[in-house]
Protein chains: 2
Amino acid sequence: MKSSKKTISESLPRYQEIQNHLKSQILSGAWAPGTKVPSEHELAAQFDCARMTVSKAIGSLVEKGLVVRRRRAGTVVAAPRSQETVLEIHDIQAEVQASGRLYRFDIQTRKVGKATREEADKLGAEIGTPVLIISCVHWADTVPYALEERIINLEAVPEAGDEMFLEVPPGSWLLAKIPWNEAEHRIFAVSADIATARILKIRRNAACLCIERRTRRDVYNVTYVRLIYPGDQHVLVARFQTHGTAGR
Amino acid sequence: MKSSKKTISESLPRYQEIQNHLKSQILSGAWAPGTKVPSEHELAAQFDCARMTVSKAIGSLVEKGLVVRRRRAGTVVAAPRSQETVLEIHDIQAEVQASGRLYRFDIQTRKVGKATREEADKLGAEIGTPVLIISCVHWADTVPYALEERIINLEAVPEAGDEMFLEVPPGSWLLAKIPWNEAEHRIFAVSADIATARILKIRRNAACLCIERRTRRDVYNVTYVRLIYPGDQHVLVARFQTHGTAGR
DNA sequence: GCTGACAATATGTCTAGGCATATTGCGCCG
DNA sequence: CGGCGCAATATGCCTAGACATATTGTCAGC
């Protein structure tokens, strides 16, 4: 049997064949959540391969959250996750340039200081933490694209204190500089207040999309940013697949 | 050496130990993107285990998008993905009830017909496709929570045509009934028009968060829904982790 | 100096076992 | 009849090899 491997068809590793088989059963709904998946031994016999190969196939499904494995209890089809969506939020500069427009940004204010109560709260740090507070406007051609208000934790990124952000906007600078591993977004609609409306050149009370993001690196909160996109122009697009593409 | 396994410490499988080691190097920035990871053989020697074990550890990192493997070229640290965020959009009923309020919903209009140009467009189907069009209001206690406008493709879900949605709101009904595998969201801010304002009991032009979602099942677009959440009350929360938690 | 052939290398996949461990179900005993 | 303990089971983790395949570097020949 060792040499009969190649005869099956072409390419497509064995473990993926098994994986696809299982996946299709689950995706098609034939195996409802809670259904017991055949044991590794059974599958190994069925697909005529070593148990390890089956195990690898299932292990991957576990990582994708499709099934749950418990010793002795066996493998069961997982309950579908509460709707999780993959949202891509790109770098603003890239976003603007991708749409073929000229990107530019203005630093409006830049201040080094110690975090007030409110700022500490937003950032998720202690009051008095040294911070850099920046407000800046992003432009697409001659149209204001977004208003950014940012708090940078200088304990986490001391070198930001010396950076004037003349060339690179703070967001891109940080992204390139600081590896981070966790971010939390809050997305909601706000009405533009007078100051915002003036800066973004929109009507007062116009609906704006507001994205607040707090970025963590290990235990530190690195930065808090609040992006206000004018009007109903800006659209966040999110795609979602329950279980990834069949082919992977 | 086979029996010395247990002496290391306690629990924590070998492959995960290796994985964590690699992960921490990458997350800490010690290994910048593009850095070559030691070969499987080296790691196997270093951690004193079989190459397969190392392979499993790395394989998992590949699935997480942390590294890229190429034959002969070896394994290299991957470039960080463009910011991808996991957004959880829950079932409205569950969402309201989770906040401890009483959930209720009203069907405002319900109409079976053939898709007009505009409706077909929204749904992503052909003009003339049989559809069920529903508009409904979701309540939290006595406050309007969201306005839902939905188009259901009756070709994909014929049984929806007979459903009156007296007990279960269309969203939950569909979610339970139809397994789906792809969804696309568009999230933006809108100003409430007069009709919307009246229904949601808010000021005209008040900022609202609008979520449009198109749900696919295989080749069919199952449903299109547009949810309008009043004011700046509703907040979408998205969390994100670049590389998963260290422990898992 | 360029190119093609070949060897070295690193991963990709797989095998056929092994022991470890959590869980479950069942049978025995009080 | 109820609770406890044990054996069977299924996964979890691992090994030490094997062959396959892609890629790269090198070297010889033109």
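Every chain is numbered from 1, with letters handed out A, B, ... down the list of sequences.
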> Side chains of Glu155(B) and Thr129(B): do they bring a donor and an acceptor to under 3.5 Å?
Replying inline: no
> Distance check: side-chain N/O of Thr75(B) vs OP1/OP2 of dT11(C), anything under 4.0 Å?
Replying inline: yes
>> Tell me the interatomic distance from Glu42(B), atom CD, to dT9(C), atom P, rounded to whole angstroms.
In response: 12 Å
> Residues in side chain to side chain contact (heavy atoms under 4.5 Å, CB included) with Ala94(B), at least two apart?
Replying inline: Asp91(B)
>> Going by the rule side chain to side chain contact (heavy atoms under 4.5 Å, CB included), which residues pair with Asp121(A) if we only count those two or more places apart in sequence or in a different chain?
In response: Arg117(A)
>> Please list all pairs meeting side-chain hydrogen bond (donor to acceptor under 3.5 Å, both in side chains) that have one or both residues in residues 65-76 of chain B, counting only residues at least two apart or in different chains.
In response: Glu40(B)-Arg69(B)
>> Measure NE2/His41(A) against P/dT9(D) and give the value in whole Å, please.
In response: 10 Å
> Any idea which heavy atoms bring Val222(B) and Val157(B) closest together, and the distance?
Replying inline: CG1-CG2, 3.6 Å
>> So if I define the base as every atom that isn't primed, P, OP1 or OP2, how would nucleotides 3-8 of chain D read as a B/S/- string at a heavy-atom cutoff under 4.0 Å?
In response: -----B
> Between dT9(D) atom P and Glu40(A) atom CD, what is the distance in whole Å?
Replying inline: 16 Å
> Between atom CE in Met52(B) and atom C1' in dC14(D), what is the gap in whole Å?
Replying inline: 10 Å
> Once you round it to whole Å, what is the distance between P of dA16(D) and CG of Asp48(B)?
Replying inline: 9 Å
> Residues in salt bridge (charged side-chain N to carboxylate O under 4.0 Å, His left out) with Lys122(B), at least two apart?
Replying inline: Glu118(B)
> Centres of the Trp139(B) and Tyr103(B) rings: under 6.0 Å?
Replying inline: no
>> With a 4.0 Å limit, can you tell me whether Thr53(B) has a side-chain N or O closer than that to the phosphate oxygens OP1/OP2 of dT15(D)?
In response: yes
>> Considering every strand and a 4.0 Å limit on heavy-atom distances, what is the contact class for Ser55(A): base, sugar-phosphate, or nothing?
In response: nothing
> Rounded to whole angstrom units, what separation is found between the CZ atom of Phe47(A) and the P atom of dT15(C)?
Replying inline: 13 Å
>> Assuming nearest nucleotide by heavy-atom distance, tell me which of Ala50(B) and Ala73(A) is located more 5' along DNA chain D.
In response: Ala73(A)
> If you look at every strand shown and take non-hydrogen atoms under 4.0 Å, does Arg70(A) touch a base, only sugar-phosphate, or nothing?
Replying inline: sugar-phosphate
>> Could you tell me how far apart Arg51(B) (CZ) and dT13(C) (C1') are, to the nearest whole angstrom?
In response: 9 Å
>> Looking only at the side chains, is there a donor atom on one of Glu212(A) and His185(A) sitting less than 3.5 Å from an acceptor on the other?
In response: no
> Hey, does the side chain of Lys56(B) come within less than 4.0 Å of dC13(D)'s phosphate (OP1/OP2), counting only N and O?
Replying inline: yes
> Got a donor-acceptor pair under 3.5 Å from the side chain of Arg69(A) to the base of dT23(C)?
Replying inline: no
>> If the helix axis at each end comes from five base pairs, how far does the helix from dG1(C)-dC30(D) to dG30(C)-dC1(D) deviate from straight, to 10°?
In response: 10°
> Roughly how many Å is it from CD in Glu17(A) to P in dT13(C), rounded to a whole number?
Replying inline: 13 Å
> Does any non-hydrogen side-chain atom of Asn153(B) lie less than 4.5 Å from one of Thr223(B)?
Replying inline: no
> Taking atom CD of Glu159(A) as the centre, does the number of heavy atoms from other residues, nucleotides or ligands within less than 6.0 Å exceed 12?
Replying inline: yes
>> As a test of reading the structure: which of dT15(C), dG12(C), dT24(D) is closest to the side chain of Arg71(B), going by heavy atoms?
In response: dG12(C)
>> If you compare every side-chain N and O of Arg14(A) against the phosphate oxygens of dG12(C) (OP1, OP2), does one of them come in below 4.0 Å?
In response: no
